[in-house]
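Written below as structure tokens is the structure these notes are about.
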Amino acid sequence: GGWKLEEMVYAAASLLLSPPFTPKNPKCILALHFFKFSNKFIFRPSPTIPSCCSQKRGIALPEYGQDERIGTVNNVSITNKPVSFSNSPDLQQSGLPPLVSALKASAEENAATFHFPGHNRGHAAPASMTQLIGIKPYVHDLPELPELDNLFCPQGPILEAQTKAANLFGSSETWFLVGGTTCGIQAAIMSTCSPGEFLILPRNCHLSAISAMVLSGAVPKYIVPDYKNDWDIAGGVTPLQVLNAIQELELDGKKAAAVFITSPTYHGICSNLNDISELCHSRKIPLIVDEAHGAHLGFHSELPSSALQQGADLTVQSTHKVLCSLTQSSMLHMSGDIVDKEKISRCLQTLQTTSPSYLLLASLDAARAQLGESPEIVFNQAIALANEAKCSLKRISGISVLENSGFPNFPAIDPLRLTVGFWELGLSGYEADEILYRDFGIVCELVGNKSITYALNLGTCRDHVLRLLSGIKHLAATCSSIKRPKDRLVTDHAPFDDIIMSLIPRDAFFASKRKVTVKESIGKVSGELICPYPPGIPVMIPGEVITERAVNYLLHVKGRGADISGASDPLLSSIVICDVQ
């Protein structure tokens, strides 16, 4: 009796940490939260570790068999040492990237674990999954332990990993993303556009940009991208198109809060970001680049320059696409001082999970280290294989290969994207893909109405390229050449540039909705985003007035085999509209 509250906290902490334990700073003990309920005190470790108490748990436990159950362990020794991040001698000697090294060290501790996730470092991993991928992914599937750092307030291995990534990619700040490029794009737009402000962006932007406008309340100012009917492919955005959009807003007394560009596109078409960034910066407008398909750009003399090298303020990359991190892991890079980095951090904390996967985070660190070992030559083999494949394909009668000459308004096409046309054989991309998969086991990246796109990367091998060439040669030899269909569209521009916006995306998202027949939808406000592939340009975006031309086009391309993305009724017998007057 008579103990002071602080003495009780000290006593409880001493029991938890086992003697000898003499903190140099008694305030360290206050890292334990205490709560009083019904005259009882509950002690809980703080989720935030003060700098004076940055400790790694050094554990020395006796060995025990896997079949032993709960019992008494006598000689347990828990010591308190500074956290061994990657700058410590033992981790430096391991030669591993900082976050990979920290994850390895934590997983190898002989610890009695009483934390999430429920599989408990693989002890209760589902057998069906361990038969598929083994036990090691579960052993390393750890939560936010102190030695693994905090994604939203990094001070240890995550901070070091992100700093190394920033140095490699040439940014002033880099954030690791576990919600894919989607959450990076959302954060970039939310951090630059407030409700009611204008965002200039291409009509064929990724869905994440539309959802970002729902979250931010930004108003879209669309640019219709270049479009080539021969290939049924949408291109990029030109500096003149950006200038026209900016000036149209200025004539109305308005200013763009940001410009958003997709470069490269899915087919590898790169926009002139140098001129676009100069144009934006002359008006103090931040340039955001969706570089999901271009994390590798700038790392070889034959690759186009990266967005950062061309002056982008924010760029979001899918590190898992051409580079080698795990699917769903991406990076957001910042350059310059136009955008508030603290605002980006706040947006990411709002958008990303509070339980990030350290496997995803470590894979980003590993992919960065892999690229950083020899950035000038790492893509030599992939580019050589891509060049050989293109040369061989161009010699096959009836086969077309997408080259920069097909889109002369743009400076480059990613050499690691191989887009092959089959229309001169009388085949659609879908028909060609079905044959190549069935007869040769070839799996592509993207199928279009007239073409197929193949993605080459660091893992591409010569045997697979030879199989692809053999399959296409066989296809060309067995299919007779016929004339192109006479009913094909003959427009040389994207299908819809007569856009009438009734509601901004945010208001359309929250509006009441109902389904009507296709005929009844004409003149109403669209409640869903409907996008045919190809060419990947949305025909209807929530908040826009549905036109007869748009409906006819959708029915036409659907009849020719295009995939219709986003429609609640894939048969297009009905369309969701906003129930507004």
How many angstroms lie between [atom1] in [X] and [atom2] in [Y], if you round to the nearest 0.5 Å?
X      : Y      : atom1 : atom2 : answer
Trp175 : Leu364 : CH2   : CG    : 15.0 Å
Ile541 : Arg203 : CD1   : CZ    : 4.0 Å
Ile276 : Ile285 : CD1   : CD1   : 12.0 Å
Glu291 : Leu332 : CD    : CG    : 11.5 Å
Glu520 : Ile577 : CD    : CD1   : 8.0 Å
Leu571 : Ile564 : CG    : CD1   : 10.5 Å

Lys NZ or Arg CZ of Arg467 over Phe440 ring: under 6.0 Å, within 45°: no
Can you check whether [X] reaches [Y] side chain to side chain, under 4.5 Å on heavy atoms?
X      : Y      : value
Ile413 : Leu402 : yes
His296 : Leu303 : yes
Leu466 : Leu468 : no
Pro415 : Pro304 : yes
Met540 : Leu529 : no
Leu201 : Met213 : yes

Under 3.5 Å: donor-acceptor pair, side chain of [X], backbone of [Y]:
X      : Y      : result
Lys450 : Val420 : no
Glu544 : Ser502 : no
Glu278 : Asp275 : no
His556 : Asn552 : no
Thr181 : Ser318 : yes
Thr517 : Ser574 : no
Gln247 : Asn244 : no

Lys/Arg N to Asp/Glu carboxylate O, Lys394 vs Glu403, below 4.0 Å: yes
Charged N-O contact under 4.0 Å between Glu388 and Arg462: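 Result for this pair is yes, salt bridge flagged.
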Sequence neighbours excluded - salt bridge (charged side-chain N to carboxylate O under 4.0 Å, His left out) pairs with any residue from residues 305-325: none
Chi angles and distances behind the side-chain contact (heavy atoms from CB on, under 4.5 Å) call for Val178, Thr353: CA-CA 8 Å; Val178 293; Thr353 176; 3.9 Å; yes
Heavy-atom pair of closest approach, residues Ala389 and Leu418: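 Looking at all heavy atoms of both residues, the shortest contact is CB-CD2, 4.0 Å.
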Residue pair Ser325 / Ala367: nearest heavy atoms and the distance that separates them: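 For Ser325 and Ala367, the tightest heavy-atom pair comes out as N-CB, 3.7 Å.
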Pair Tyr266 + His293: ring centers closer than 6.0 Å: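 Tyr266 vs His293: aromatic centres under 6.0 Å.
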Near-ring test Phe169/Phe299, centroid separation under 6.0 angstrom: yes
Test side chain to side chain contact (heavy atoms under 4.5 Å, CB included) applied to Cys205 and Val237, Leu199, Ile210, Asp290, the passing residue: Ile210
Side chain to side chain contact (heavy atoms under 4.5 Å, CB included) partner of Leu273, the single match among Thr315, Ile261, Leu308: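 Of all the options given, the one that passes is Ile261.
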Set of residues satisfying side chain to side chain contact (heavy atoms under 4.5 Å, CB included) with respect to Thr182, sequence neighbours excluded: Gln186, His206, Ser208
Donor-acceptor pair between Thr265 and Thr262 side chains, under 3.5 angstrom: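 No, because no side-chain N or O of Thr265 sits under 3.5 Å from a partner of the opposite role on Thr262.
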